[in-house]
**Q** 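Before anything else, here's the structure in question.
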Amino acid sequence: MSESANFVEMQIPHQKFYNGIQFPYALSPNPETPLSLSHLTQAIKSQKPFLEALLLKSGALLFRGIPVSTASTFNDVVEAFGFDELPYVGGGAPRTKVVGRVTTANESPPDQNIPFHHEMVQLPEFPSKLFFFCEVEPGSGGETPIVLSHIVYERMKERHPEFVGRLEEHGLVYTRVLLEDDDPLSPIGRGWKSTLSTEDKSVAGQRAAKLGMKLEWLKDGAVKTIWGPMPAIKYDKARQRNVWFNQMAFAYTVYDAGNDPGKAVTFGDGKPIPAYIINDCVNILEEESVAFPWQRGDILLLDNLAVLHSRRSSKTPRRILASLCK
C-alpha cells in the first residue's frame, strides 16, 4: 500500500509515525514513470481509491516534486480528485478567490501565528477535506503545522478527565463581534458583510439562522455572533475513534478589538473555561504537531475531521493557496 505505478513513498523532515503510519504520508512521482500535468491528473483519477485509502490511514497526504506550479494547475489537481466544492460561507478568515475552486489561504499579516483549528468547525456543514498549495515558498518560517485530533483528545482526556467529561456533556459556545467591513490585520477579521455575503441585515439574519448562528445587532453597525452550544468532541466513524473537534484554543488565543478572549469561548452552560486548561491544550497541540518546511509546488491534502492545522509566522514572502471540499 506504500506505492503505486505513478507515486512512491518518500521521507520528509519532521515526519512522525503513529502505529507505523507516516504523518503526513508523503508521495512523489515514480522516477521510472515521470509525470506531466496531464499524466498527473489522470493518475489521480485512476488511483483515487489508493490515495483515499492512504488519507484514511494517515489523515494527511503531501505531494512533493509534482508538475504543479500555478494556481491554475493546482485547480486542475483539485478537480482531478472529484470531491464536491464547499463554498466559503460563514468562515472568518480573509480570503480572495484566485481561479476556479482555488482561493488564497488566510490573508492576515504573515508575521502573525494562527493557532490550531479545524476548518469551519462551527458550521452545520464543514469541509471534509482541505487542499493547500505552496505557490511561493517562504525563505524561513511560514510552515503549516498539523496535528492528529484523536491524539489531542486522548492526551486531554488523560490530563483533564473531568474537564473533558464536562465538554462532552455541555459542549461549547463561541461568541464573537463582527465589524461591518473586513479587518485585514486579524486572522479572523472578516466582517459580517463578507462572512454572510450580503449588505442587507435581514438577509444576513436569514443566512445566519441557516448556519446555526445567532445575531445580536450592535449600535455601531457591528454584530455579536453566537454559535452553539455545539459538540466539542466528535466520533470519527471511519476510524472508530473520538476526535478533538473544536475551536477552543483558537477562539481563546486569537482576539482583536471588541472581543474578549475570556468570553470568546465558554462551556455550553455559559460557565467559563479555566485558562490553565486552555493553555495546557495549546501546549499539547504544539508538542504533537508536525511542521515541515514548505517547498514550491507542494500540495497538502488534509482530512478536516482527523487533523487540525495552523500557521507559523514568516518574515519573508509566502503564498499558500487553498481549496475546500465537501
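The shown structure was predicted, so the numbers you read here are calculated from the model rather than taken from an experiment. For this chain, numbers begin at 1 and follow the sequence in order.
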**Q** If you link ILVMFWY side chains whenever their heavy atoms are less than 4.5 Å apart, which other residues fall into the same cluster as Val136? By chain and number, please.
**A** none

**Q** Can you name the one residue among Trp244, Phe126, Phe245, Phe250 that meets ring pair (Phe, Tyr, Trp, His ring centres under 6.0 Å) with His118?
**A** Phe245

**Q** When the ring centroid of Phe7 is compared with that of Phe50, is the distance short of 6.0 Å?
**A** no

**Q** Look at atom CD of Glu199 and say whether more than 12 heavy atoms of other residues, nucleotides or ligands are closer to it than 6.0 Å.
**A** no

**Q** Nearest 0.5 Å, what's the OG-NZ distance between Ser140 and Lys315?
**A** 8.0 Å

**Q** Which heavy atom of Asn113 sits nearest a heavy atom of Arg312, and at what distance?
**A** OD1-CA, 3.3 Å

**Q** Compare every heavy atom of Pro67 with every heavy atom of Leu40, then report the nearest pair and how far apart it is.
**A** CD2-CD, 4.0 Å

**Q** More than 12 foreign heavy atoms under 6.0 Å from NZ of Lys48: is that the case here?
**A** yes

**Q** How long is the span from the OH atom in Tyr25 to the CG atom in Leu61, to the nearest 0.5 Å?
**A** 9.0 Å

**Q** Counting C-beta onward and ignoring hydrogens, is there a side-chain heavy-atom pair between Gln22 and Gln11 closer than 4.5 Å?
**A** yes

**Q** Less than 4.5 Å apart, side chain to side chain, heavy atoms only: is that true for Val223 and Val177?
**A** no

**Q** Just wondering, do Ile146 and Phe23 contact through their side chains at under 4.5 Å, heavy atoms?
**A** yes

**Q** Between Lys193 and Glu180, is there a salt bridge with N-O shorter than 4.0 Å?
**A** yes

**Q** Can you tell me if Asn304 uses its side chain to pair, donor with acceptor, with the backbone of Leu130 under 3.5 Å?
**A** no

**Q** Nearest 0.5 Å please: distance from the CD atom of Glu162 over to the CG atom of Leu167.
**A** 11.5 Å

**Q** Report the relative orientation of the aromatic rings in His117 and His309; use parallel for angles under 30°, tilted for 30 to 60°, perpendicular for over 60°.
**A** tilted

**Q** Is there a side-chain contact between Tyr18 and Glu288, using heavy atoms and a 4.5 Å cut-off?
**A** yes

**Q** For residues Ala222 and Leu179, report the shortest heavy-atom separation together with the two atoms involved.
**A** CB-CA, 4.1 Å

**Q** From the options Pro24, Pro145, Pro13, select the one residue that forms a side chain to side chain contact (heavy atoms under 4.5 Å, CB included) with Val290.
**A** Pro24

**Q** Going by heavy atoms in the side chains, are Pro115 and Gln247 under 4.5 Å from each other?
**A** no

**Q** Mark yes when over 12 heavy atoms from residues, nucleotides or ligands other than Lys224 sit less than 6.0 Å from its NZ; otherwise mark no.
**A** no

**Q** Write down the atom of Asn242, the atom of Glu168, and the distance for their closest heavy-atom approach.
**A** ND2-OE2, 4.3 Å

**Q** Atom CG of Asn75 and atom OG1 of Thr70: how far apart are they, to the nearest 0.5 Å?
**A** 9.5 Å

**Q** One thing to verify: whether Glu125 and Lys210 come together as a salt bridge, which I'm taking to mean a side-chain N less than 4.0 angstrom from a carboxylate O.
**A** no

**Q** May I have all residue pairs that pass ring pair (Phe, Tyr, Trp, His ring centres under 6.0 Å) and include part of residues 273-292, sequence neighbours excluded?
**A** Phe292-Trp294

**Q** Using a 4.5 Å cut-off on heavy atoms from C-beta on, say whether the side chain of Asp303 contacts that of Arg239.
**A** yes

**Q** Check for a donor-acceptor pair, side chain of Ser128 on one end and backbone N or O of Lys326 on the other, with a separation under 3.5 Å.
**A** yes

**Q** When rounded to the nearest 0.5 angstrom, what distance separates CG in Leu321 from OG1 in Thr103?
**A** 7.5 Å

**Q** Once you measure the plane-to-plane angle for Phe63 and Phe81, does it fall in the parallel (<30°), tilted (30-60°) or perpendicular (>60°) bin?
**A** perpendicular

**Q** If you count heavy atoms of other groups shown closer than 6.0 angstrom to NZ of Lys214, is the number above 12?
**A** yes

**Q** List the atom of Pro127, the atom of Leu86, and the distance in Å for their closest heavy-atom pair.
**A** N-CD2, 3.2 Å

**Q** Under a 3.5 Å cutoff, is there a donor and acceptor pairing between the side chains of Asn106 and Ser108?
**A** yes

**Q** I need the Ile114 CD1 to Arg311 CZ distance, nearest 0.5 Å.
**A** 3.5 Å

**Q** May I have the step-by-step check of side-chain hydrogen bond (donor to acceptor under 3.5 Å, both in side chains) for Thr198 and Asp200, ending in yes or no?
**A** CA-CA 6 Å; Thr198 183; Asp200 186 314; 5.5 Å; no

**Q** If you look only at pairs with a residue in residues 137-179, which of them pass as a ring pair (Phe, Tyr, Trp, His ring centres under 6.0 Å), with sequence neighbours excluded?
**A** Phe163-Phe267

**Q** Does some side-chain heavy atom of Leu51 sit less than 4.5 Å from a side-chain heavy atom of Leu27?
**A** yes

**Q** Just by modelled atom types, is the Arg176 backbone N or O under 3.5 Å from a matching donor or acceptor in the Thr225 side chain?
**A** yes

**Q** With a 4.5 Å heavy-atom cut-off, do Val98 and Arg319 have their side chains touching?
**A** yes

**Q** Assess whether atom NZ of Lys263 is packed by more than 12 heavy atoms of other residues, nucleotides or ligands within 6.0 Å.
**A** no

**Q** Heavy atoms only: give me the nearest Ser323-Val78 pair and the separation to one decimal.
**A** OG-CG1, 3.5 Å

**Q** Can Ser36 and Ser38 be counted as having a side-chain donor-acceptor contact under 3.5 angstrom?
**A** yes

